[in-house]
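Scroll down for the structure; my scribbles are underneath it.
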Amino acid sequence: EIQTKEDVLEAVVENDVKFIRTQFTDTMGIIKSWAIPSEDLDEAFDEGVMFDGSSIEGFTRIEESDMMLMPDPSTFRILPWRPTEGAVARIIGDVKLPNGKPFEGDPRYILKKALREADDMGYSMNVGPELEFFLFKLDGQGNPTTELTDKGGYFDFAPLDMAQDVRREIDYALEHMGFKIEASHHEVAPSQHEIDFRFSDALTTADNVITFRYVVKSIANHHGYYATFMPKPLYGVNGSGMHANQSLMSQEGENVFFDPNTPNQLSDIARYYTGGLLEHIREFAAITNPTVNSYKRLVPGYEAPIYITWSDSNRSSLIRIPSTRGKGTRVELRCPDPACNPYLAFATMLSAGLDGIKNKTDPGEAVTHNIFNLSGKDREDMGINSLPGSLKEAIDEMAGSEFVKKTVGDHLFNNYLCAKNKEWDDYKARVHQWELDTYLSVL
Ligand code: GLN
Ligand code: MG
Ligand code: MG
Ligand code: MG
């Protein structure tokens, strides 16, 4: 396994790597990347690679446009779809200021900061995500469409289906890059798929999510398809989520969510962590569900959560505690979607959970019946709140949140809200197809 600079330099020679794509993500979780020749890598490890931060979404600071990327050797991966002669690899880095200090708007730094806080309390965080996506056709010009690539449904087995072949290619490529695939299946909607890879510490998983999206899109494209992580590309069928299974480990490597001596074998720590997530989710929904489109997924009828409840097994809850106990004891947060910036999403989840632990936040009773069947009045009587109904509602919640501000830092907080408000204003001002369909012929 590759961990140090020396390991990387050795792998570069061994695999005849000619170019390295250095990568980081902007505020929105979009990969920024440029290639350096492998001869320059040694120096890049020691001195970093300079770039102009003023052209990166959310990074601008007039006085600090010179920035530096410090490659993290443990993220070195050879891209399996490039030629093996003169191979291409990628490496993820940390963004620094020219004086060597971390750039506080770097999403990877923000997650590291949250992890350090957990470490101070004696915990490390594991995350296992479940990313769903659609495979659509490209048009003649190579642009994405929403044309279906299959008519399959959940767990359908279709041996002659091209889309299944593409998914298998994606699995192979991911395995080549060190992912351990735990499940790969067709999802409920036509042309929708899910691939789950093994959980890791939160930082590795966030890096993996970025890599995953990149690999899925690249392989789909090589087969003439388009993969999208847009949360709700089609009206009337399920959208795509990114359930986040999370747990905390002690320094001794024990899962601290597990307690064999309570009736449901969940520890108080797990309960308080859940309480913290429930308490703060409205404030950080703009991060886990970052787009206008995200909120079109969070509607009744499509297995996506709306109400802020937890349960042992009920899939209509925002938080589900799968029945596994022991090492695999975990809390599954079901609202995040795969368009989110995973570094920021994991940082805010973790901080919310830690806040719950510090304040011994009671998550209340588990809600075991289907919440969607309750009337609004019943829900109100039970004190059940809902997730924000739109990006606008989510941004306004976030804007008033000291908790999110503290977790992501002032710089990112302000930039994020500014960008999202712009996005909302642009959306709001436009005339949508629905309005034309509904009003044009009758008014
Ligand atoms: N696609 C659903 C969502 O939006 C999840 C479906 C499932 O995995 N059971 O979250
Ligand atoms: Mg799943
Ligand atoms: Mg699923
Ligand atoms: Mg799940």
Side-chain angles (χ1 to χ4, degrees), residues 126-136 146 148 150 152-157 163-164 167 170-171 174 179-199 205 208-209 212-213 216 227-247 277 281 285 287-324 328 330-340 342 345 349 370-372 386-391 394:
N126 283 326
V127 184
E130 305 171 46
L131 286 103
E132 297 173 332
F133 58 92
F134 281 80
L135 278 181
F136 289 133
T146 53
L148 303 178
D150 69 57
Y154 196 63
F155 285 143
D156 269 358
F157 180 70
Q164 314 276 332
R167 198 183 64 230
I170 293 170
D171 293 342
L174 287 166
F179 284 78
K180 178 156 186 327
I181 306 298
E182 298 209 314
S184 171
H185 61 83
H186 202 286
E187 253 300 340
V188 172
S191 294
Q192 191 187 26
H193 302 266
E194 172 172 330
I195 299 175
D196 304 334
F197 54 87
R198 191 174 168 72
F199 75 89
T205 298
N208 282 345
V209 167
F212 180 93
R213 295 196 298 218
V216 169
T228 183
F229 294 97
M230 183 176 173
K232 185 86 174 185
L234 301 175
Y235 168 72
V237 296
N238 271 20
S240 293
M242 186 181 88
H243 300 167
N245 295 275
Q246 43 203 298
S247 61
L277 286 175
I281 186 62
I287 288 181
T288 50
N289 302 79
T291 66
V292 167
N293 184 252
S294 296
Y295 296 85
K296 307 203 168 171
R297 166 175 165 255
L298 305 174
V299 299
Y302 301 103
E303 297 183 80
I306 295 167
Y307 303 110
I308 302 180
T309 60
W310 75 279
S311 81
D312 289 358
S313 53
N314 189 330
R315 286 168 200 264
S316 65
S317 292
L318 171 67
I319 292 176
R320 184 173 79 99
I321 315 253
S323 54
T324 320
R330 62 192 190 270
V331 167
E332 179 189 29
L333 183 68
R334 295 171 61 84
C335 67
D337 68 49
C340 74
M349 284 173 207
N370 190 335
I371 320 151
F372 291 100
S386 20
L387 292 170
S390 67
L391 180 62

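This structure is a prediction, so every number in the text was calculated from the model and none was measured. Atoms within a ligand are numbered from 1 in the order they appear, just like the ligands themselves. Excluded from the calculations below are hydrogen atoms, water molecules and symmetry mates; all remaining heavy atoms, backbone and side chain alike, are included.
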Only counting residues at least two apart or in another chain, list the ones meeting salt bridge (charged side-chain N to carboxylate O under 4.0 Å, His left out) with Glu182.
->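 Glu182: salt bridge (charged side-chain N to carboxylate O under 4.0 Å, His left out) contacts with Arg198.
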Please identify each residue that fulfils salt bridge (charged side-chain N to carboxylate O under 4.0 Å, His left out) with Arg330, with sequence neighbours left out.
->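 Arg330 satisfies salt bridge (charged side-chain N to carboxylate O under 4.0 Å, His left out) with no other residue.
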Which option out of Glu187, Arg320, Arg297, Glu132 puts a heavy atom nearest to atom 2 (C) of ligand 1?
->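 Shortest heavy-atom distance from atom 2 (C) of ligand 1: Glu132.
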Under 30°, 30 to 60°, or over 60°: which ring-plane class applies to Phe179 and Phe197, parallel, tilted or perpendicular?
->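 Judged by the thresholds at 30° and 60°, the geometry between Phe179 and Phe197 is perpendicular.
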Under 30°, 30 to 60°, or over 60°: which ring-plane class applies to Phe212 and Phe133, parallel, tilted or perpendicular?
->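 Perpendicular.
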Close N or O approach (Gly239, ligand 1; < 3.5 Å) =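 Yes, at least one N or O pair falls under 3.5 Å.
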For ligand 1, which atoms have a heavy atom of Asn238 less than 4.0 angstrom away?
->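 By the 4.0 Å cutoff, the relevant atoms are 1 (N), 2 (C).
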Close approach, His243 and ligand 1, non-hydrogen under 4.0 angstrom =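 Contact check His243 vs ligand 1: positive.
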What angle, in degrees and rounded to 10°, do you get at the Mg ion (ligand 3) when you join it to OE2 of Glu187 and to OE1 of Glu194?
->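 Between OE2 of Glu187 and OE1 of Glu194, at the Mg ion (ligand 3), the angle is about 90°.
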Could you check Arg167, His186, Gln164 and say which one makes a side chain to side chain donor-acceptor pair (under 3.5 Å) with Asp150?
->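 It is His186; the other options fail the test.
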Flag Glu130 as yes if one of its N/O/S atoms falls below 2.8 Å of the Mg ion (ligand 2), otherwise no.
->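 Checking the Mg ion (ligand 2) against Glu130, an N, O or S atom does fall under 2.8 Å.
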Heavy-atom pair with the smallest gap, counting every atom of Pro190 and Val237 |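 Result for this residue pair: CD-CG1, 4.2 Å.
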Under 2.8 Å from the Mg ion (ligand 3), is there an N/O/S atom belonging to Glu132?
->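 Checking the Mg ion (ligand 3) against Glu132, an N, O or S atom does fall under 2.8 Å.
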